[in-house]
Each structure stands twice: as structure tokens, then as C-alpha cells.
4 protein chains.
Amino acid sequence: MQIGIIGLGRMGGNMAQCLMAAGHDVVVHDGDAAALERLAALGAEPAQTLDRLVECLTKPRVVWLMVPATAVANVITTLSPLLRPRDILVDGGNSYYRDTHYRAAELAEKGIAFVDVGVSGGIWGRDHGYCLMIGGADAPVTRLVPLFRALASGIGGGIEPKPSGNDMDTAGEGYLHCGPPGAGHYVKMAHNAIEYVIMAAYAEGFELLRHASHEQQNSGERSAFCDDPQAIEYDFDLAKIARLWRQGSVIRSWLLDLASESLNVDPSLTAYDDRVADSGEGRWALRTAIETEAATPLLAQALFQRFTSRDHGRYANRLLSAMRNAFGGHGAG
Amino acid sequence: MQIGIIGLGRMGGNMAQCLMAAGHDVVVHDGDAAALERLAALGAEPAQTLDRLVECLTKPRVVWLMVPATAVANVITTLSPLLRPRDILVDGGNSYYRDTHYRAAELAEKGIAFVDVGVSGGIWGRDHGYCLMIGGADAPVTRLVPLFRALASGIGGGIEPKPSGNDMDTAGEGYLHCGPPGAGHYVKMAHNAIEYVIMAAYAEGFELLRHASHEQQNSGERSAFCDDPQAIEYDFDLAKIARLWRQGSVIRSWLLDLASESLNVDPSLTAYDDRVADSGEGRWALRTAIETEAATPLLAQALFQRFTSRDHGRYANRLLSAMRNAFGGHGAG
Amino acid sequence: MQIGIIGLGRMGGNMAQCLMAAGHDVVVHDGDAAALERLAALGAEPAQTLDRLVECLTKPRVVWLMVPATAVANVITTLSPLLRPRDILVDGGNSYYRDTHYRAAELAEKGIAFVDVGVSGGIWGRDHGYCLMIGGADAPVTRLVPLFRALASGIGGGIEPKPSGNDMDTAGEGYLHCGPPGAGHYVKMAHNAIEYVIMAAYAEGFELLRHASHEQQNSGERSAFCDDPQAIEYDFDLAKIARLWRQGSVIRSWLLDLASESLNVDPSLTAYDDRVADSGEGRWALRTAIETEAATPLLAQALFQRFTSRDHGRYANRLLSAMRNAFGGHGAG
Amino acid sequence: MQIGIIGLGRMGGNMAQCLMAAGHDVVVHDGDAAALERLAALGAEPAQTLDRLVECLTKPRVVWLMVPATAVANVITTLSPLLRPRDILVDGGNSYYRDTHYRAAELAEKGIAFVDVGVSGGIWGRDHGYCLMIGGADAPVTRLVPLFRALASGIGGGIEPKPSGNDMDTAGEGYLHCGPPGAGHYVKMAHNAIEYVIMAAYAEGFELLRHASHEQQNSGERSAFCDDPQAIEYDFDLAKIARLWRQGSVIRSWLLDLASESLNVDPSLTAYDDRVADSGEGRWALRTAIETEAATPLLAQALFQRFTSRDHGRYANRLLSAMRNAFGGHGAG
């Protein structure tokens with residue numbers, strides 16, 4: 001079927017290729033001319049403007065957004081007057097599910113269906129198949145199934161249609177209609193909350209391994225407060241251990257596979273920034289936890305750790321030192 | 001080669017089968033006669049006593065313990081006088097790496113090699129291959145390689161010997177000599193620390209999903225302090241979402257596979273205890289974090305959450321209520 | 001000066017008395033007739049309706065709300081048409097500072113000044129003096145100073161006017177103009193965030209004391225994983241220790257005074273609920289931390305602990321048990 | 001009565017003065033000659049060596065150690081052969097209660113009583129009176145009461161003996177016999193655990209205040225993920241707010257008094273180190289929490305925050321960045 005894709009970054013560009021490989025007709029738009037040309041060279045129909053993109057599509061249209069959360073509102077404002085009843089607009093980015101909820105209601109008044117798709121898999125999704133968490137009304141979601149199948153199966157994968165398909169089966173195929181508008185982004189948000197904590201889990205585990213070595217034993221406090229510090233003297237090879245854990249251990253996972261590959265290339269990880277960015281999903285998830293009374297202390301910790309990594313904790317630390325100094329400091333208590 | 005195995009619980013029993021399937025000669029001992037018979041029926045040589053087990057083995061012997069951490073000291077006390085120089089004693093259970101460190105030093109004085117093997121994979125290791133984290137001196141570890149290969153490859157798997165094997169290759173095969181005595185148990189401890197946090201990560205994520213539903217909106221606080229609570233109204237199918245996430249998502253993992261299987265059988269999980277046990281590894285890891293100045297706040301949270309699940313937090317909560325009441329309570333501040 | 005007070009709960013009723021004791025003219029309103037009578041008996045002018053209250057006040061009026069955060073919007077809707085330019089409306093409750101920000105802007109369009117006052121001190125403020133955190137425009141805040149002084153000094157206290165007063169001095173007197181509208185509620189929110197964590201600090205400390213006793217040593221895990229459990233055998237008297245810490249210790253505080261009084265009356269605290277309520281301030285503070293990238297992991301923990309105390313953590317715990325069981329359970333790792 | 005004091009740091013030196021002011025006879029020893037002279041000038045009998053100190057004291061002697069936890073073992077080794085049955089040795093420093101437990105048992109075999117005293121109050125204790133948490137056998141503790149009274153009352157305070165004293169009364173006077181040997185240090189450990197968390201509570205609260213200001217709004221993430229960032233624009237005066245909160249607020253405390261004084265002198269706190277030291281008490285407390293199954297997640301967080309402040313978290317952060325990059329980075333998810 002025919003689809004327009006807006007946003008040809010790492011995710012959007014790969015997904016366009018995946019859809020073309022599965023035989024779909026893809027019209028693409030991006031502000032970056034180079035990205036547009038690259039996709040055109042691969043067989044997509046380039047559209048310099050949103051108007052042009054809409055013109056290229058046969059009604060009822062399917063337009064799929066793969067743009068940053070902060071750009072979605074503007075694109076919808078420009079695009080929605082160009083769309084017609086029965087057109088489907090898909091937000092495949094990481095938007096806040098509440099925004100999606102309100103946007104769907106507003107577009108529904110114009111007869112435009114708004115479908116949200118949380119897409120997981122990163123740059124590897126093109127080959128392995130994306131994991132698609134879908135929110136929206138039944139009819140438009142059903143219409144989009146051929147696209148979901150193409151994306152979920154990986155490039156050229158082509159999941160064979162099953163005779164007696166039901167919802168449970170689609171989960172096993174990598175896509176699921178999770179509920180009404182916003183449901184897809186909500187499930188993606190929970191997914192990213194889990195992702196934050198799992199990443200922090202491995203980071204803590206590798207810290208435990210690193211701190212077993214002598215190099216880390218530079219602190220006066222340590223030798224004073226550790227029973228028999230000589231009993232901790234291991235010089236572990238982190239890259240090998242990561243590789244080992246991928247083989248049959250309880251903690252094997254795809255994120256461990258990624259960590260292992262990174263450690264193989266550079267065990268000291270000096271190329272990477274120790275200020276860790278965050279994309280907003282963790283913030284939305286924590287805010288939702290507060291609002292729904294779901295206790296997620298580990299998510300909170302993982303998110304705040306990223307804030308602190310960007311140096312925001314310094315003043316707090318100086319205040320601790322100031323108080324310690326004020327009551328007598330170092331061990332005075 | 002020939003090996004004696006002491007302890008035929010879920011782990012030890014499966015491992016014995018795995019070794020026999022790979023053609024090794026296995027002598028077994030367990031206090032539980034039924035377990036002993038079961039293994040005898042599968043081809044192992046049963047030994048009613050430790051003395052008998054030692055007698056059955058040709059020198060230099062290999063004896064592998066698969067007993068609870070709390071039983072290891074006693075078994076070693078009984079066993080070590082029966083062993084001779086060049087014998088190898090393996091502790092394949094979850095012992096504290098410091099205990100292992102001291103035990104190895106003590107046994108070394110008698111010429112007995114003590115090798116520690118952290119074994120991951122649970123009851124599934126028999127079929128999928130175990131993940132083996134090994135500590136000990138080079139010579140005995142090298143002697144044990146055929147056993148490691150059999151265990152790491154899964155039952156009947158039989159990893160083919162590689163011509164130019166090196167350490168890095170063995171990590172890829174599922175076993176690794178990580179360092180001197182205690183190193184295996186240390187790496188297993190870090191592994192379990194990660195396991196605690198990953199499990200808590202999924203638990204938090206599924207809580208976020210559950211709390212999106214109306215059933216959870218019973219609290220007066222929630223409706224008062226959530227912006228537009230009507231915007232959170234999803235009734236997610238947790239089993240399907242778990243199944244979905246296994247397909248290509250960033251958070252796919254073996255623990256998610258297990259969670260998914262459990263949710264498939266019973267999405268309400270009513271069969272499971274909400275008091276979560278802990279096996280000691282998390283405690284050792286947290287203690288080690290303190291001693292080595294490795295920051296592991298998520299591990300701490302995951303461990304204390306288990307303590308609290310066993311009702312130990314009640315008094316603390318009553319004290320909070322008492323203070324709130326004392327200064328004026330409910331919102332008085 | 002003259003003031004109308006709406007809301008005669010524990011806070012509002014006490015504050016009315018405080019203002020009368022300082023010689024101010026107080027008109028009061030509350031939906032609860034008994035509360036109205038009680039204040040009338042103490043010398044306040046009762047007003048059965050908001051209309052009546054407004055009538056009783058000389059222009060430009062001062063009306064002070066002491067109602068729950070969830071009631072503020074409705075009261076303002078009813079009240080604001082009755083007010084006139086130059087009237088001052090004060091919100092002395094625990095409102096979310098963003099709501100206050102928007103309300104002030106809206107009322108300013110009608111010429112009505114909106115002043116927010118975060119009030120701390122609980123039911124003890126009447127006698128000890130309240131701590132007042134004030135937001136609003138300069139002119140109305142200045143006009144209210146006589147009221148602030150009366151409240152901050154405690155009943156009958158009467159802080160003497162100082163000849164060369166400046167802002168710093170007023171902080172020392174217990175009230176401070178902290179900034180534009182919303183500033184008072186923001187500072188109160190930060191105050192309550194601190195309060196949550198301090199309360200949890202004492203709760204943890206007393207748990208450490210309780211767990212030193214034999215009664216707490218019922219767990220199999222404990223005896224297995226604690227070095228020499230016999231070395232922990234103290235049977236502490238918590239009430240005495242709380243009392244002791246009030247005398248010169250680094251951790252002396254007013255909240256400790258309250259905890260100590262509660263423990264004196266009933267060291268087992270059986271009268272108190274182990275489900276701890278929350279009033280919303282903690283949620284707003286955590287949400288603000290997320291939005292402003294301020295790392296507050298302890299606040300998150302303290303808030304989620306309250307959620308968990310209300311049993312919301314049970315499902316998460318069952319999921320942990322399910323996963324443990326799935327991979328082999330108790331110690332299998 | 002007569003007492004020998006070993007260790008004339010900030011705590012020991014002040015306590016010696018306090019005891020002399022109350023009329024006690026004080027013999028002092030310290031490796032630092034200047035400290036020794038200073039105390040001698042104030043009226044103490046200086047002893048250049050431990051032998052000399054012991055000689056100066058009349059049997060049965062009282063020797064009080066005020067040395068770092070790491071020095072206690074050596075001092076006892078040197079000192080104990082010089083002491084005689086019925087002598088009392090006091091450890092007034094921050095020792096680990098388990099060490100105290102074992103030391104008391106060993107000294108008891110020689111007839112020497114070992115009394116542990118957790119001393120709180122910092123450098124201000126001299127004037128305000130120290131808070132004394134005491135462990136030991138009844139007889140020696142009773143013999144030391146005149147010293148406890150002098151220290152607990154502050155310099156020159158002189159608590160009048162009460163006719164019908166009981167234990168509860170002594171808590172009100174600032175000293176308490178908490179239990180057998182180690183009990184004093186255990187209670188001090190719990191005290192310090194609380195101290196860690198309270199300090200972190202204020203640090204978080206002041207961070208919330210700081211982050212309300214425009215200066216903190218430099219981050220792209222913030223403007224993207226905060227609803228209406230313009231609604232957060234307060235430029236708070238932290239020193240004034242700290243001062244305000246000391247007046248009648250629920251969170252008033254002695255640590256707030258200290259924070260307020262520090263902020264008065266330098267609101268930017270630039271003089272203080274953002275790497276926060278720790279004295280060991282927090283580590284012992286967390287380890288004890290693990291061993292006794294007392295859930296203390298806030299203590300864990302406060303302690304690990306100090307570790308992280310000393311830069312130990314950097315590798316963990318780089319690993320997070322590496323994983324984010326591996327799966328597609330910034331928002332790819």
C-alpha cells in the first residue's frame with residue numbers, strides 16, 4: 001500500500017527502506033535535502049514540501065510522522081488542514097501519551113484518524129524487525145496492518161499471513177494494538193522506563209567488577225572501613241565477562257549484547273560522554289508514576305542519576321560539606 | 001573424565017545429567033536417598049557417604065559441591081581430611097567470595113586446589129547450556145575444562161574443540177576463567193546484583209501499565225492530584241504486552257521471556273507470594289559495594305524492597321503516621 | 001486591621017484566634033456550622049455565606065482562604081465576582097504553585113491581588129508562631145504585614161516593630177516575601193519535600209534500632225547471611241533514645257520532638273496506621289524536580305514508600321516471585 | 001573525679017575542658033605536642049606517653065579514648081597491658097559496635113571494664129552539652145555518671161543531682177545507658193544514619209529552590225519537556241529562606257541552623273568541596289541494615305551519593321552513553 005513518511009532520521013529512514021523492501025509505495029519528506037535524496041536513490045518518491053507529500057498520496061491517505069516529540073505539534077498544525085476525512089495520521093515517535101490523547105480527540109473532530117505507534121528496536125530494527133506498540137481506533141489500526149507486518153518482520157522478512165490470526169498472535173509477530181489513542185505511547189513509555197533501569201542495572205554491575213581491582217583502591221576511607229581489603233584484589237576483564245554473560249546466563253539480554261559490543265571495541269569507554277542525556281520518556285514515566293500512584297523508585301533513581309551526571313548535583317554536595325564542616329567535620333559526629 | 005558431585009538439588013541433579021550425557025563418569029552423593037536413586041537410575045554411581053564418594057574416585061580426584069552456601073563450610077570440614085594433594089574441590093554454589101578466598105588459602109596448604117564456579121542459567125541451564133564464571137589457580141582450572149565445556153554447551157550439545165582456542169573464545173562458549181580463587185563467586189555476585197535490578201525494572205514497568213487502568217483509580221489522592229485523570233484510562237493486557245516486547249524491542253531479555261511465560265499462564269499472578277525471598281547474593285553485593293565505594297543505589301533499593309515485602313516496614317510506616325498526626329496531619333504541614 | 005477567613009479547620013481556626021489575640025477584626029466563614037459557632041464564641045464575626053462575609057468587610061478587603069487545595073478553585077470562582085479592585089485574596093493552603101501562578105494572573109486582570117502564603121507549623125503554630133512563606137506583588141504583601149507579624153509571633157506574642165526593618169529581619173521574625181505569585185507555595189513545596197525525607201530519616205533510624213533486638217531475629221535468611229548474629233543483641237528502649245537525642249545531638253529537631261512525644265505515649269505505635277497518606281505536596285515537588293532537572297532521589301523514595309505502604313506494591317512483588325520461580329527459585333540463580 | 005583522656009582533637013580537647021570546668025582532674029595525652037601544651041595551659045596534667053598517663057592516674061583508673069576509629073585497636077594493644085583489674089577504659093569515638101563488642105569481651109577477661117560512649121554534638125557540644133549514648137556493664141557505667149553529667153550539661157552547666165533519678169530522667173539530661181557493650185556505638189551509628197539522610201534532605205530541598213531560577217534553565221531538555229517553563233521563574237534567596245524556616249516551621253532543626261549559618265556567610269558555598277567525605281558510620285549502618293533486614297533505602301542513597309560525588313560514577317555513566325549510542329541514541333529508543 002501507499003504511505004507518506006515525514007522525518008528521515010535514523011529511525012524514519014530505516015523504516016522507509018523496510019516498507020519499500022516489503023513492496024509498499026513510499027513518499028518521503030524531510031527538511032534535510034541530503035536525507036531526501038538518499039531515500040529517493042533507494043526508490044522512494046521525494047516530496048520537498050508537506051503540500052507536495054499530501055498531493056502525492058491517494059485518498060484516503062496514510063501519513064506517518066517520525067519526528068522528535070518537540071516537533072510533532074507544529075507538523076500537525078501545518079499538516080492537518082491538508083488532510084481529509086478518513087485520512088490516517090500516524091505518530092511513530094516518542095510523544096507523551098497525554099498529548100497524543102488530546103491530539104487524537106481534536107483530529108477526530110475533523111474525521112482524521114490519529115494512530116500512535118511506539119517503535120522499539122533502534123537502528124537494528126530494520127534488520128531484526130521493529131517492536132510496535134499501537135494505540136488508536138480499531139478501523140484505522142486494522143487498515144495499517146500490512147505496514148505493521150512489514151516493519152515488525154525486519155527488512156525483507158515478510159511474515160506470512162496466518163489463516164486464523166488473532167490479537168495474541170500479532171504480539172508474537174512484533175506488533176500489538178494496545179488500546180485507544182495514546183495507548184501505544186503509554187506502553188512505549190513503560191518500555192523506556194524499564195530500559196532506563198536495565199541500563200543502570202548493568203552499569204552498577206560493571207562498577208562492582210571494576211571496583212574489585214587494585215586501581216580503585218586509592219581511597220583512604222576504603223582501607224579504613226573495609227574488612228581485610230587484601231581479600232578484594234581481582235582485575236577483571238570486563239569485555240570478556242560481558243561476552244560470557246551473553247551465553248546462557250539469567251541476565252542475558254539485548255542491552256547486554258550492545259554493552260558487550262561496546263566493551264569489545266573499547267573496554268575503557270573513553271570515547272563516551274559521562275554526561276548522560278535523556279530523551280523525555282523517563283520524565284513522562286516518572287510523572288505518570290506519581291499521578292497513578294505506581295511506586296517506581298528505581299526509575300526515579302536512574303533518571304536522577306542522569307541529571308546528576310550533567311553536574312547538577314554539585315551545589316547539593318557543597319551544602320553537605322558545609323554542614324559537615326559546621327558541626328565539626330571529619331568524623332566528629 | 002571422572003567427577004564426584006555432592007548435592008543433587010535442582011542445579012546439581014541437572015548438571016550431573018549434563019555431564020553424563022557428555023560422556024563423563026559421575027559419582028553422586030546427597031543426604032536425600034530419593035535424589036540419589038533418581039540419579040543412579042540415570043546412570044550415576046551413587047555414594048551413600050562422603051567417604052564412599054571419595055573412595056569411588058581415582059586420584060587426583062575432582063569433587064564438585066552443589067550445596068547451599070550455608071552448608072559449604074561443614075562439607076569442607078568433613079571432606080578435606082579425606083582428600084589428598086592434587087585433588088580438586090569445586091564449589092559451584094552461591095558462596096560469598098571472601099569465604100572462598102579464605103577457604104582456597106587454607107586448602108592450598110594441604111595441597112588441595114579449590115576452584116569456585118558461579119553457575120548461572122537456573123533449571124534451564126541443562127538444555128541451554130550453563131554460564132560458568134570460574135575462579136582458581138591456572139592448573140586445576142585447565143584440568144577441569146572438559147567438564148566446563150560439557151556444562152556450558154547444554155545437554156548433548158558438545159561444543160567442538162577449537163584448534164586455536166584462547167580465553168576470549170571460551171567466554172563465547174559460556175565459561176571463563178575470571179581470576180584467582182573467589183573471582184568466580186565475585187563475578188557471580190555482580191551477576192546476581194544485576195539480576196535483582198533487572199527483575200525490579202520489569203516489575204516497575206508492569207506496575208506502570210497496571211496503574212493506567214480504571215481499577216487502580218480508587219484513591220482519593222489520585223483524583224485530587226492528577227491533572228485530568230480521565231486521560232489515563234487504558235486497560236492493558238499485560239501478558240500480550242510482555243509477549244510483544246520479546247519481539248525485537250530494546251528491552252528483550254531472557255528474564256522478560258520468563259515473565260512473559262508466567263503472565264501467559266496467570267496474568268493476575270495470584271499463585272505467587274508477595275513476600276519476596278532473597279538468597280544472600282544481593283546482600284553480599286551491597287556489602288561489597290559499600291566496602292569498595294562502588295555506588296549501587298538501585299541494587300540497594302531492589303534488596304530493601306524485598307525486605308519490605310516481608311513486612312518489616314510496618315513500624316517505620318506507623319512512625320510516619322504518628323509524626324504526621326502530631327504536627328496536625330492530613331495536609332496541615 | 002480587618003480580615004475575612006474562609007475555612008476553619010485546625011489551621012484556619014487557630015490562625016483566626018491568633019489574629020484576634022493580636023487585636024485584628026476577624027470575620028469567618030465555614031460550611032460547618034459548629035466550627036462557625038466556636039469561632040463566634042471566641043469573638044469572631046460569623047458569616048453564613050460568602051456573600052455575607054464579603055458584605056461584612058470594608059473595602060479594600062482582605063480575604064484569606066484556609067481550605068484544601070482541591071477546594072480552592074471553586075471558592076475562587078464563587079468569590080471573585082463579589083470582590084472589587086484593590087481587594088486582596090490570600091491562599092494560605094497547600095496549593096500547587098503553578099495553579100497559583102495562573103490564578104494570580106487571572107485575578108490581576110480584575111484588579112484583585114492574589115497573595116500566596118505557605119504556612120508551616122501545624123497545630124502548634126498558634127502558640128509557637130507560624131512560619132510564613134509569601135508570594136505576590138509588593139503592594140498587597142506590604143499591606144498584609146500586620147497580619148503576618150501577628151501570625152508569625154504566636155498567640156499574644158506580638159513582635160515589636162523594629163525601627164530599621166529589612167527583608168532579612170523579617171525572615172528572622174518568621175515571615176518572608178519570597179517572590180512573585182506562586183513563590184510562597186513553591187517554597188512551601190520545597191519545605192514539604194524536605195519534611196518527607198526527614199520523617200523517613202527518623203523512621204529508618206528507629207528501624208535500625210528495632211532490628212538490633214532478638215524479636216526481629218526470626219528470619220532464616222538473617223541467621224544465614226549475618227556474620228555472628230549473636231553480636232547483634234540489643235533491646236533498645238526507643239522512647240528513651242528519642243528523648244536522649246533531643247538533648248544536644250546533631251540530629252535534634254522539632255520532628256524528633258514530635259516523634260519522641262509519640263513514642264513516650266506508646267512505644268509500639270499500635271494506634272497508628274501503617275498506610276501513610278500523602279497530601280499532594282510531595283507529588284508536586286517530585287514533578288517539579290523532574291521538570292527543572294533537580295535530582296531528588298530521596299524525595300522520590302520517601303514518596304513511593306508511602307504509595308507502597310498503601311499496598312500498591314503487591315503485584316510487583318508477585319511478579320518478582322514469579323520470575324524467581326521460573327528460573328529455578330531459591331538460590332538457584 | 002580523676003580521668004585520663006587520650007586524643008586531644010576537636011572533640012577530645014573540648015571535652016577535657018568541659019570536665020575540668022566541672023571540677024574534674026584531667027590527665028591528657030596526645031601525639032601532637034602543641035595540643036598537649038594547649039590543654040596543659042588550661043589546667044590539665046600533660047602526659048607525654050601512655051605509660052606516663054597511666055602512672056598519673058589513681059587506681060581504679062578511668063581512661064577515655066577520643067581517637068579515630070582506625071587508631072583504637074593499636075591504642076588498646078599498647079594500653080591494656082598497663083591497666084589493672086577494675087580499671088575502666090572508655091571508647092568515646094565512632095567505632096564499629098561489633099569491634100566494641102569483641103573488645104569488651106577480651107578486656108573483660110583481664111578484669112578491665114570497657115565502656116563505649118557515642119558522643120554527639122560536634123564542636124558545639126562543649127557549650128551546649130554533649131549527647132551521650134552509653135554501652136557497657138552496669139557497675140562501670142554507674143561509676144562514670146559524674147563525668148557523663150559534666151559533659152552532658154555543657155561547660156560550667158552543672159546539672160543539679162536529682163533526688164529520685166531514674167533512667168528516663170538521664171535521657172532528659174543528655175546521657176543514657178543504652179545497653180551492654182557496643183550498645184552506645186550502635187545507637188550512635190543509627191544516629192549518624194539519620195544524620196546522613198537529614199543532611200541530604202536539606203540538600204535536595206535547596207536544589208529544588210535553586211532550580212526554580214532562570215540561571216538553571218540552560219538545558220535544552222528542560223525547555224522541551226517541562227510544561228510552560230515560563231511558569232517557573234523564581235530567583236530565591238536561599239540564605240533568607242533557610243533563616244525563615246528556622247522560625248516555627250515543621251522542618252526546623254539544628255542541622256538547618258548550621259546550614260543557615262553557612263548560607264549566611266556564603267550563599268554560593270564556593271568554599272566547600274563538592275566531593276563529600278564519609279567517616280565510616282554510614283557504611284557500618286548500611287551493612288547492619290543488610291544484616292538485620294532493616295530496610296534503609298534512603299541511607300543507601302545518601303551514602304552512595306557521597307561515593308558518586310568523589311567521581312566514582314563516571315565509568316557507569318559512560319557505559320550508559322555507550323548503550324544509548326549503540327541502540328540508536330538520542331530518542332531512538
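Reminder, nothing fancy here: chain letters follow the sequence lines and each chain counts from 1.
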For the candidates [options], which exhibits the highest count of non-hydrogen atom pairs separated by less than 4.5 Å from chain C?
options	result
Trp245(D), Phe206(D), Tyr97(D)	Trp245(D)
Val197(D), Leu255(D), Ile194(D)	Ile194(D)
Gln301(D), Arg252(D), Gln305(D)	Arg252(D)
Pro180(D), Gly179(D), Gly135(D)	Pro180(D)

Is chain D contacted by the side chain of Met189(C), its backbone, both, or neither, given a heavy-atom distance below 4.5 Å? neither
Chain D heavy atoms under 4.5 Å from Ala203(C): which part of the residue, side chain, backbone, both or neither? neither
Indicate the ring-plane relationship of Tyr186(C) and Phe236(D), choosing parallel, tilted or perpendicular according to the 30° and 60° boundaries. tilted
Check ion pair [X]-[Y] (N to O, under 4.0 angstrom):
X	Y	value
Lys188(C)	Glu195(C)	no
Glu291(C)	Arg98(C)	yes
Arg246(D)	Glu261(D)	yes
Glu207(D)	Arg210(D)	yes

Contact class of [X] relative to chain C, heavy atoms under 4.5 angstrom:
X	result
Ala183(D)	both
Ala289(D)	both
Met199(D)	neither
Ala242(D)	neither
Tyr196(D)	neither

Distance (rounded to the nearest 0.5 Å) between Leu132(C) CG and His177(C) NE2: 13.0 Å
Does atom CH2 of Trp124(D) have more than 12 heavy-atom neighbours from other groups under 6.0 Å away? no
For chain D, which candidate among Ser260(C), Pro297(C), Ala302(C), Ala285(C) shows the most heavy-atom pairs at distances under 4.5 Å? Pro297(C)
Checking side-chain polar atoms at under 3.5 Å, does Ser249(C) have a donor or acceptor matched by the opposite partner on Tyr130(D)? no
